[in-house]
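Side chains are part of it too, since the values below use all heavy atoms of this structure and drop only hydrogens, waters and symmetry mates. Along the sequence shown, the residues carry numbers beginning at 1.
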Amino acid sequence: MIYLDNCSTTKPREEVVKIMYESMMDNFGNPSSLHRLGMKAEKRIREARKYIADFLKVDNNEIYFTSGGTESNNIAIQGFVNKMEKRGKHIITTKIEHPSVLNIMKYYEKHGFHISYLNVDEYGYISLEELRNSLRDDTILVSIMHVNNETGSIQPIEEIKNIIKEKNPNTLFHVDGVQGFGKIDISLKASGIDSYSFSGHKIHGPKGIGGLFIDKKHVISPIVFGGNQERGLRSGTENVTGIIGFGEAVKIMSEKYKEERQYVFELKEYFGNRIREEIDDIRINTSLDENSSPYILNISFRNVRGEVLLHYLEDKDIYVSTTSACSSKGTEKSHVLESMGLKDEEIEGAIRFCFSYENTKKDLDYTVEVLKESVTEIRQIIMR
């Protein structure tokens with residue numbers, strides 16, 4: 001099997017699976033309980049929180065556990081908007097955000113807020129000048145993803161924050177960091193980010209567990225009420241096993257991510273260049289330099305339907321995707337590629353390849369050969 005859908009989810013590391021199994025057997029107590037088993041589970045949560053806080057170079061009490069990136073985005077954005085709406089009803093985001101952000105914006109638009117959606121260029125980068133011109137006295141929040149989940153474009157977070165600070169220092173800044181966490185360097189404190197979301201299953205950890213950084217200078221009200229777990233911001237019995245697995249994944253990642261990132265960057269560059277040289281009539285939608293994530297490569301194969309090509313590859317035990325896994329079962333075309341100005345045939349023929357440390361050049365050589373054969377066959381069928 002050649003797995004190239006790591007943006008959708010990653011395979012958990014063996015160490016993570018092992019420690020989660022041990023946790024289910026030995027740390028099954030409720031961390032809210034006062035007895036020894038509960039205290040043992042609570043201690044393991046504290047350890048995992050510290051691993052993550054240390055990796056991000058923030059305080060332990062600035063990290064909150066959630067069920068994943070979608071919940072983290074919702075808690076941060078809704079919490080900030082509910083807190084700040086008396087100051088204004090203007091929010092800035094981009095046209096290429098994840099659905100967990102865009103659908104929140106649609107909700108607030110229906111409730112009287114004005115949302116400015118920043119445009120992007122042909123590779124998915126915003127215009128800093130447009131951002132500067134969009135900021136107003138009543139702008140309460142800017143929400144921009146660090147790394148785009150379909151094309152891998154990396155937004156200049158520090159420059160964005162500097163513009164916000166210059167134009168309206170009262171405006172808060174939320175960053176969807178799900179595809180960047182552990183893959184692209186970022187300093188939350190130095191960048192002045194107010195909140196940052198991330199998820200376990202994108203870094204070879206378990207599904208159903210995520211995290212949210214909120215700068216300790218902010219106090220926001222919860223959107224779910226209950227037993228006051230996670231210091232009242234995210235009530236509900238903690239996913240102890242998931243948290244322990246998440247912590248272990250971050251612990252391992254902190255030791256290996258620089259080495260793995262360089263390795264994956266070389267794979268992406270090699271793969272992209274081979275496809276560009278050996279397959280005609282394509283459009284590479286991701287830059288092959290360091291301005292995009294080493295882990296993501298989006299390519300349009302003209303006169304080919306992406307979902308058809310996906311199944312051709314699957315028949316050869318190669319796994320890719322056509323768009324974000326969180327929206328891929330819908331019927332709408334990619335809003336990201338559409339915002340980048342791609343033609344319909346280029347959007348329809350887009351495939352996203354997402355790499356990991358487990359991939360090899362041999363894997364990619366085989367994938368290129370299968371792609372060449374599949375694209376040729378599909379085009380011959382279409383042209384008949």
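Judged by distance alone, the side chain of His218 and the main-chain N or O of Ile214 form no donor-acceptor pair under 3.5 Å. At distances below 3.5 Å, at least one donor-acceptor pair connects side-chain atoms of Asn168 with backbone N or O atoms of Arg136. Remark: side-chain polar atoms of Asn133 are not paired, donor with acceptor, to backbone N or O of Glu130 under 3.5 angstrom. Side-chain atoms of Thr93 come within 3.5 Å of backbone N or O of Ser143 as a donor-acceptor pair. Without hydrogens or angle criteria, Ser300 side chain to Glu346 main chain gives a donor-acceptor distance under 3.5 Å. Listed for the Asn6 side chain is no donor-acceptor partner under 3.5 Å among the backbone atoms of Tyr295. Although no hydrogens or angles enter the test, the distance criterion places a donor-acceptor pair under 3.5 Å between the side chain of His204 and the main chain of Lys11. A distance-only check finds no donor-acceptor pair linking the side chain of Tyr51 to the backbone of Arg46 [under 3.5 Å]. Side chain of His35 to backbone of Gly38: a donor-acceptor contact under 3.5 angstrom is found. Side-chain atoms of Thr286 come within 3.5 Å of backbone N or O of Asn298 as a donor-acceptor pair.
Note: Ser127 OG to Asp121 CG = 9.0 Å, rounded to the nearest 0.5 Å. Summarising the geometry, atom CD belonging to Glu238 is positioned 5.0 Å from atom OG belonging to Ser32; distances are rounded to the nearest 0.5 Å. Once rounded to the nearest 0.5 Å, the distance linking NZ of Lys372 with OG1 of Thr367 reads 12.5 Å. One distance of note links CG of Asn27 with CZ of Arg44; it measures 5.0 Å at 0.5 Å rounding. Rounded to the nearest 0.5 angstrom, Ile193 CD1 and Leu188 CG are separated by 5.0 Å. The CD atom of Gln155 sits 11.5 Å away from the CG atom of Asp176 when rounded to the nearest 0.5 Å.
Residues Ser292 and Lys268 bring a donor and an acceptor atom of their side chains to less than 3.5 Å of each other. Between the side chains of Gln179 and Asn148, no donor-acceptor pair is found at a separation under 3.5 Å. In the model, Tyr257 has a side-chain atom that pairs as donor or acceptor with a side-chain atom of Asp185 under 3.5 Å. For Ser100 and Asn73, the side-chain atoms include at least one donor-acceptor pair closer than 3.5 Å. Under 3.5 Å, the side chains of Ser334 and Glu150 contain a donor-acceptor pair of N or O atoms. Asp365 and Tyr270 form a side-chain donor-acceptor contact under 3.5 Å, judged by distance and modelled atom types alone. At a cut-off of 3.5 Å, with distance as the only test, a side-chain donor of Ser72 or Thr66 sits close to an acceptor on the other residue. Looking only at atom types and distance, the side chain of Ser8 has a donor-acceptor partner in the side chain of Arg352 under 3.5 Å away. Side-chain polar atoms of Thr376 and Glu373 form no donor-acceptor pair below 3.5 angstrom.
Looking at Ile275 and Phe301, their side chains come closer than 4.5 Å, going by heavy atoms from C-beta outward. With a 4.5 Å cut-off on side-chain heavy atoms, Ile144 and Ile126 count as touching. Side-chain contact between Val147 and Ser153: absent, with no pair of heavy atoms (C-beta onward) separated by less than 4.5 Å. Proximity of Ser221 to Lys83: side-chain heavy atoms (C-beta onward) are nowhere separated by under 4.5 Å. With contacts defined as side-chain heavy-atom distances shorter than 4.5 Å, the pair Glu122/Met340 does not qualify. Within the 4.5 Å cutoff, side-chain heavy atoms of Ile284 are placed close to those of Leu297. Contact annotation: the side chain of Arg87 approaches that of Met84 to within less than 4.5 Å [non-hydrogen atoms, C-beta and beyond]. For the pair Thr139 and Thr171, the minimum side-chain heavy-atom distance is below 4.5 Å.
Within the structure, ring-ring contact (aromatic ring centres under 6.0 Å, His included) contacts touching residues 121-152 (residues at least two apart or in different chains) do not occur. Within the structure, ring-ring contact (aromatic ring centres under 6.0 Å, His included) pairs that include any residue of residues 337-356 comprise Phe271-Phe353, Phe271-Phe355 (at least two apart or interchain). Listed by first then second residue, pairs satisfying disulfide (SG to SG under 2.5 Å) with a partner in residues 2-73 read Cys7-Cys354, not counting sequence neighbours. Pairs of residues two or more places apart, or lying in two chains, that qualify as ring-ring contact (aromatic ring centres under 6.0 Å, His included) and include a residue from residues 158-193 are Phe55-Phe181, Phe181-Phe198.
Under the 4.5 Å side-chain heavy-atom criterion for Ile, Leu, Val, Met, Phe, Trp and Tyr, Val375 and Ile378 are members of the same hydrophobic cluster. A single hydrophobic cluster is seen to contain both Val120 and Leu135, as judged by linkage of ILVMFWY side chains at heavy-atom distances under 4.5 Å, directly or through other members. Cluster membership for Ile92 and Phe80, using ILVMFWY side-chain heavy atoms within less than 4.5 angstrom, is not shared. Linking Ile, Leu, Val, Met, Phe, Trp and Tyr residues whenever their side-chain heavy atoms come within less than 4.5 Å leaves Ile96 and Val101 in two separate clusters. Taken together through direct or relayed side-chain contacts under 4.5 Å among Ile, Leu, Val, Met, Phe, Trp and Tyr, Ile347 and Ile351 form parts of separate hydrophobic clusters.
Remark: Glu266 does not engage Lys361 in a salt bridge, criterion side-chain N to carboxylate O under 4.0 Å. Salt-bridge formation is not detected for the pair Glu269/Arg274: no Lys NZ or Arg NE/NH1/NH2 atom is positioned less than 4.0 Å from an Asp or Glu carboxylate oxygen. Residues Glu290 and Arg261 are not paired through a salt bridge, judged by the lack of any N-O separation under 4.0 Å between the basic side chain and the carboxylate. Look at Arg13 and Glu260 and you find a salt bridge, because one of the NZ, NE, NH1 or NH2 atoms lies within 4.0 Å of a carboxylate O, short of that distance. Remark: Asp59 engages Lys216 in a salt bridge, criterion side-chain N to carboxylate O under 4.0 Å. A salt bridge links Asp194 with Lys161: at least one charged nitrogen is closer than 4.0 Å to a carboxylate oxygen. Ion pairing between Arg305 and Glu307 holds under the 4.0 Å rule for side-chain N and carboxylate O. Salt bridge annotation for Lys50-Glu47: absent, with no cationic side-chain nitrogen under 4.0 angstrom from a carboxylate oxygen. Taking a cutoff of 4.0 Å between a charged side-chain nitrogen and a carboxylate oxygen, Glu338 and Lys333 qualify as a salt bridge. The existence of a salt bridge linking Lys189 and Glu62 is confirmed by a sub-4.0 Å separation between a basic side-chain nitrogen and an acidic carboxylate oxygen.
When the side-chain hydrogen bond (donor to acceptor under 3.5 Å, both in side chains) test is applied to Tyr117, the partners found at least two apart in sequence or on another chain are Glu109. Applying the salt bridge (Lys or Arg N to Asp or Glu O under 4.0 Å) test to Asp363 and every residue at least two apart in sequence or in another chain returns nothing.
Stacking of Arg49 on the aromatic ring of Phe65 is not recorded, the 6.0 Å distance cut-off and the 45° axial limit not both being met.
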Next item on the list: Starting from the C-alpha separation in whole Å, work towards a yes-or-no answer on salt bridge (Lys or Arg N to Asp or Glu O under 4.0 Å) for Arg132 and Glu129.
Entry: CA-CA 5 Å; Arg132 182 178 283 107; Glu129 190 61 28; 3.1 Å; yes
Next item on the list: Go through Thr151 and Asn285 one step at a time and tell me if the side-chain hydrogen bond (donor to acceptor under 3.5 Å, both in side chains) criterion holds.
Entry: CA-CA 7 Å; Thr151 67; Asn285 306 317; over 6 Å; no
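The aromatic rings of His114 and His90 sit parallel, their planes meeting at an angle under 30°, below the 60° perpendicular limit.
Summarising the local packing, CG of Asp137 is surrounded by 12 or fewer heavy atoms from other residues, nucleotides or ligands at distances under 6.0 Å.
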